[in-house]
Amino acid sequence: MVERPASVVKELLENSLDAGATRLDIDVEQGGVKLIRIRDDGSGVEQDDLPLTIARHATSKIHDLDDLEGVATLGFRGEALASISSVARLTLTSSADETGAGWQVQAEGRDMEAVIVPSAHPRGTTLEVRDLFFNTPARRKFLRTEKTEFSHLEEVVKRLAMSNFHVGFSLRHNQRVVHALKPASTEQEQDRRVASLCGPSFMENAVRVDTQVGELRLWGWLGLPTFSRAQADLQYFFVNGRSVKDKVVNHAVRQAYRDVMYHGRHAAFVLYLELDPKGVDVNVHPTKHEVRFRESRQVHDFLFRTLHRAIAERMLMCI
Ligand code: ADP
Ligand code: MG
């Protein structure tokens with residue numbers, strides 16, 4: 001469902017990441033309503049496949065039952081580009097080889113007749129989405145201010161940048177560079193990326209955790225209790241690389257901080273839980289970041305113990 005510029009950006013970036021992109025350039029105008037342009041260096045789309053990509057149910061992700069079962073990919077609705085092009089002016093330019101020659105297809109509104117023309121493009125894909133909701137004024141009315149729409153969009157980019165360290169990102173709004181992130185492979189580079197996305201003071205007041213018990217691994221940055229916040233606005237939690245807001249997770253984290261956090265204050269963290277994909281259902285509600293753990297009690301206890309211990313150790317060091 002295309003709700004706002006941020007949801008468009010999320011779908012497009014996930015496609016680029018699925019296509020193996022290592023570099024993503026995002027250009028946005030007027031909060032994304034006027035223009036969203038995303039350029040990737042992924043696999044590109046073959047000429048013959050172009051019309052398919054913007055047709056309904058075009059997904060290329062489910063090949064067999066295993067894909068359905070262990071859903072390790074980021075969703076499989078296969079309608080994103082079709083939905084976007086039904087409410088905006090969409091241009092896809094792509095090349096699947098190194099010749100520099102590519103193809104372009106345009107779609108606009110519900111008129112889905114795709115015309116394909118040659119267009120120069122390095123290997124990879126550029127998606128351009130202009131004039132979101134130009135043909136659906138009722139939905140356009142629900143959009144908020146440019147600033148608000150951009151902040152939602154930026155949040156999507158931040159989450160993906162925090163879960164794809166190997167990928168370089170740039171984000172520009174109205175020609176102004178908002179984020180420029182080089183690929184981060186070493187711990188130091190990852191620190192730098194998180195600092196630039198969450199603020200240097202978070203990094204100065206956070207400890208790295210990395211604990212593995214059986215098939216469960218938790219790693220990331222844990223804000224010290226002294227770096228508490230008035231809002232729960234610096235809480236990032238990823239399950240198998242996917243940004244998640246989950247009751248079980250929230251409860252475990254809150255419990256872990258309970259004794260060291262003033263009432264009404266919120267912890268800050270960037271944490272990654274990794275487990276066997278079969279142990280978690282990520283498609284409960286794809287757009288709402290919900291998941292369902294098969295062994296939710298076990299996950300909860302692992303999170304609580306790991307975080308509680310990390311916080312306690314850190315507090316002892318401060319005495
Ligand atoms: P889904 O991602 O669920 O398969 P989409 O509508 O988002 O459905 O995309 C349709 C198809 O278009 C994808 O399955 C993929 O084959 C192709 N595609 C879309 N974006 C890209 C991209 N940036 N690079 C390569 N292929 C892409
Ligand atoms: Mg997609």
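Since the structure is predicted, the reported quantities are computational estimates derived from the model, not experimental observations. Whatever order the structure lists them in is the order used to number ligands and atoms, beginning at 1.
When only interatomic distances are considered, the shortest N/O to N/O separation between Leu81 and ligand 1 falls below 3.5 Å. Below 3.5 Å of separation, one finds no N or O of Leu127 facing any N or O of ligand 1. Looking at Ser43 next to ligand 1, no N or O pair under 3.5 Å apart turns up. Where the criterion is an N or O separation shorter than 3.5 Å, residue side chain and backbone included, Asn15 meets it with respect to ligand 1.
In summary, the side chains of His179 and Glu154 do present a donor paired with an acceptor at a separation below 3.5 Å, with no hydrogens or angles considered.
Both Val260 and Leu271 are part of a single hydrophobic cluster, where members link through side-chain heavy atoms under 4.5 Å apart.
Summarising the geometry, atom CG belonging to Leu171 is positioned 9.5 Å from atom CD1 belonging to Ile38; distances are rounded to the nearest 0.5 Å. In this structure, the separation between OG on Ser170 and CZ on Arg39 is 10.5 Å, given to the nearest 0.5 Å.
With sequence neighbours excluded, no residue forms a side chain to side chain donor-acceptor pair (under 3.5 Å) with Lys182.
Of the heavy atoms in Asp40, only side-chain atoms (C-beta onward) come closer than 4.0 Å to ligand 1. Heavy atoms of Ala80 found under 4.0 angstrom from ligand 1 belong to the backbone as well as the side chain.
The distance from ligand 1 to the heavy atoms of Thr53 drops below 4.0 Å at these ligand atoms: 10 (C), 12 (O), 17 (C). Under a 4.0 Å criterion applied to the non-hydrogen atoms of Ala19, ligand 1 contributes the atoms 24 (N), 25 (C). Here is the list of ligand 1 atoms found below 4.0 Å of a heavy atom in Val45: 25 (C), 26 (N), 27 (C).
The shortest separation from a heavy atom of Glu79 to ligand 1 is under 4.0 Å, placing the residue in contact. Remark: distances from the non-hydrogen atoms of Ser16 to ligand 1 include one below 4.0 Å.
Summarising the local packing, CD of Glu46 is surrounded by 12 or fewer heavy atoms from other residues, nucleotides or ligands at distances under 6.0 Å.
Checked against Ser94 for a side-chain hydrogen bond (donor to acceptor under 3.5 Å, both in side chains), the options Thr125, Thr53, Thr126 give a single hit: Thr125.
For residues 210-227, the pairs satisfying side chain to side chain donor-acceptor pair (under 3.5 Å) are Asp191-Trp221, Asp210-Arg217, Arg217-Glu274, Trp219-Glu274, with sequence neighbours left out.
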